[in-house]
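To keep things clear, I will list the structure first and then write my remarks on it.
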Amino acid sequence: MHIIAQIIFFLLTATAVWFFSRKIMAIRRNILLGRDQQLNDRKPERWKNVLLLAFGQKKMFRNPLVAFLHLVIYLGFIIINIEVLEIVLDGLLGTHRLFAPYTGNAYTFLINSFELLAVGVITVCVIFLLRRNLVYVKRLWSKELDGWPRSDANYILITEILLMVLFLTMNATDTLLQQRSAPGYNAHPTGNFLFSSMIHPVLDGFSNATLIAMERTCWWLHIMGIFAFLNYLPWSKHLHILLAFPNAYYARLEPNGKMENMPEIQKEVLYAMAPETAPAAGAEQPHSKFGAKDVSDLSWKNLLDAYSCTECGRCTAACPANITGKKLSPRKIMMDTRDRLEVVGKSLDQKDKEPASGKTLLRDYITEEELRACTTCNACVQECPVSINPLDIILQLRRYLVMEESTAPAEWNSMFSNVENNFAPWKFSPDERDQWAHTNS
Ligand code: SF4
Ligand code: SF4
């Protein structure tokens, strides 16, 4: 490879890595805007979750066909990227198929395996494109996916198809040139590649010079496409490819039905029941805020969840509130949280005097009507394949409404005052609680 090409390749790689790192650091900064939450306990269970839920995609296998198709794309993404290592080294060192002379038949076997995966990825991407755009799957046709989210899914599928086609065409031209022993083409013999060689009849009519130009063009477009994909990833729902792993590690380990208590409230109740345990007036810092009004009131895990959401809609498809026609969609809760966090992040980047246009997650993005529709059934948490907990965000926003703004439906208010005064949701005094037994005897 010409030295100029090496320099261009180096600059291209450095630019791609720099932009990618910059965006990843901005996402990390955004996630850390959240409240602190200690999630470093029970490490063996956490690693087990990473293996089962992230690597093993355990929840996907509830639907074996879709899980298998997803697995093909997933393996394609992970394993074919090993081949990218060789491409990057070739680009930087000015070599051509650097590993081929050292790995012999293993090289031929590996590239054949990558080609099998490439064909699989193309097939599955076409199936997913047809399913997304021509078949009516309710969760993929919801209004909340209109616009960018729907295009995002299509762009990625089309890009993956293009990358795989470039990879196969590059291999096909390379092996055809080797077979012809084309003068001036100094590639190390690689053996035959099963799938790309099927394209040889289509390429046979081209001259050696055209084939060399095609091979180089595919090589450059392939690696430029990968760099573009890398930089598109952090802007897309496909960020879950990376974040599914930390998200599985930090997933909640308690049973879904166990609601997180609020220590500040527990203390208040304790002081009411046992006043002698209460600290002297002014000895304790008053709590600044109950629940969450904006993204910075949520925990960093809630914000990591928002960036990890694949927008698959499995949560919404299982949500009883959504199924019965209520406005709530747990997927939208996650999308809104991410959108809001991105806006807050941008305003930090621009050092805005009025951060994020004075809006908040509560009401400007997620309405009271949505929050109140939640039955806290946990179906969304149960269904999510990437260990996301939309209910936790709903609960925190609802806690803010009730505890900071005293905004609750009238029916709830009477229940709250009963709990406060009678220690039960009913209006009877605790002293009268056993009277039913006497009345019936
Ligand atoms: S917990 Fe709430 S949001 Fe989640 S599925 Fe149940 S009703 Fe829907
Ligand atoms: S929260 Fe989970 S189940 Fe719901 S859309 Fe996001 S990834 Fe899918």
Side-chain angles (χ1 to χ4, degrees), residues 49 53-54 57-63 66-67 70 73-74 128 131-132 137-146 148-150 152-153 156 233 236-248 250-252 254-260 292 298-299 301-341 361-362 365-399 401:
N49 275 346
L53 300 174
Q57 305 192 14
K58 185 178 164 201
K59 288 197 182 175
M60 290 293 291
F61 276 91
R62 288 187 196 138
N63 181 338
V66 174
H70 188 264
I73 293 200
Y74 170 74
F128 279 176
R131 186 177 71 139
R132 275 196 172 266
V137 180
K138 191 171 174 239
R139 69 186 162 89
L140 302 178
W141 282 80
S142 309
K143 217 169 137 283
E144 68 219 25
L145 290 185
D146 286 353
W148 163 251
R150 199 178 312 284
D152 177 28
I156 286 285
L233 213 60
S236 150
K237 76 187 187 92
H238 292 81
L239 189 55
H240 77 272
I241 294 171
L242 305 178
L243 294 189
F245 297 92
N247 215 44
Y250 292 114
R252 194 161 178 259
E254 301 299 331
N256 284 345
K258 188 174 173 191
M259 208 172 271
E260 296 242 346
L298 295 170
S299 75
K301 174 62 170 70
N302 296 138
L303 305 184
L304 177 64
D305 275 356
Y307 274 116
S308 308
C309 178
T310 73
E311 297 170 14
C312 67
R314 288 181 172 82
C315 51
T316 299
C319 172
N322 189 277
I323 292 168
T324 51
K326 313 286 188 307
K327 211 178 156 202
L328 174 64
S329 159
R331 167 171 58 187
K332 180 179 167 292
I333 299 287
M334 301 317 301
M335 290 167 74
D336 286 344
T337 306
R338 178 173 176 168
D339 288 349
R340 173 65 189 157
L341 188 53
L361 180 63
L362 180 62
Y365 290 76
I366 300 172
T367 62
E368 286 177 47
E369 184 184 345
E370 289 169 80
L371 295 173
R372 292 210 178 110
C374 179
T375 65
T376 66
C377 68
N378 269 299
C380 52
V381 185
Q382 180 67 23
E383 287 303 308
C384 181
V386 279
S387 321
I388 288 171
N389 189 332
L391 173 59
D392 196 39
I393 296 178
I394 294 172
L395 281 179
Q396 293 187 59
L397 293 172
R398 225 151 71 168
R399 281 173 174 175
L401 279 176

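Every heavy atom of this structure was used, including side-chain atoms; hydrogens, water molecules and symmetry mates were not. Both ligands and their constituent atoms are indexed starting at 1 by order of listing.
When each of M60, R331, Q382 is checked for a side-chain contact (heavy atoms from CB on, under 4.5 Å) with R314, only M60 meets the rule.
The atoms of ligand 2 that sit less than 4.0 Å from any heavy atom of V386 are 7 (S). The atoms of ligand 1 that sit less than 4.0 Å from any heavy atom of N378 are 1 (S), 6 (Fe). If you number the atoms of ligand 1 from 1 as listed, the ones under 4.0 Å from a heavy atom of T375 come out as 2 (Fe), 6 (Fe), 7 (S). Contact atoms of ligand 1 toward T376: 1 (S), 2 (Fe) (distance under 4.0 Å to a heavy atom of the residue). Counting the atoms of ligand 2 from 1 in the order shown, those under 4.0 Å from a heavy atom of P385 are 3 (S).
R398 has its side chain within reach of C374: a pair of non-hydrogen atoms, C-beta onward, lies under 4.5 Å apart. With a 4.5 Å cut-off on side-chain heavy atoms, R62 and E383 count as touching. Using a 4.5 Å heavy-atom threshold, the side chains of I394 and L328 count as touching.
Remark: minimum distance from atom 3 (S) of ligand 1 to any protein heavy atom is reached at L328 CD2, 3.5 Å. Closest to atom 6 (Fe) of ligand 1 among all protein heavy atoms lies C377 SG, 2.3 Å. When hydrogens are left out, the protein atom nearest atom 8 (Fe) of ligand 1 is C319 SG, 2.3 Å; that is the closest non-hydrogen contact.
Between the side chain of N256 and the backbone N or O of N378, no donor-acceptor pair lies under 3.5 Å. Between the side chain of Q396 and the backbone N or O of I393 there is no donor-acceptor pair closer than 3.5 Å.
More than 12 heavy atoms of other residues, nucleotides or ligands sit less than 6.0 Å from atom NZ of K59.
In summary, no N, O or S atom of C374 is located under 2.8 Å from atom 6 (Fe) of ligand 1.
In this structure H240 satisfies the side-chain hydrogen bond (donor to acceptor under 3.5 Å, both in side chains) test with no other residue, sequence neighbours excluded.
At a cut-off of 2.8 Å, measuring from atom 4 (Fe) of ligand 2, the protein N, O or S atoms that fall short of it are C315 SG, waters left aside.
For D336 and R340, the salt-bridge test fails: no basic side-chain N is under 4.0 Å from an acidic carboxylate O.
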*Check against side-chain contact (heavy atoms from CB on, under 4.5 Å), D152 and H238*: CA-CA 9 Å; D152 177 28; H238 292 81; 4.1 Å; yes
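Nearest heavy atoms, N322 versus S329: ND2-CB, 3.8 Å.
Only the side chain of I394 comes within contact range of ligand 1, with a heavy atom under 4.0 Å; no backbone atom does.
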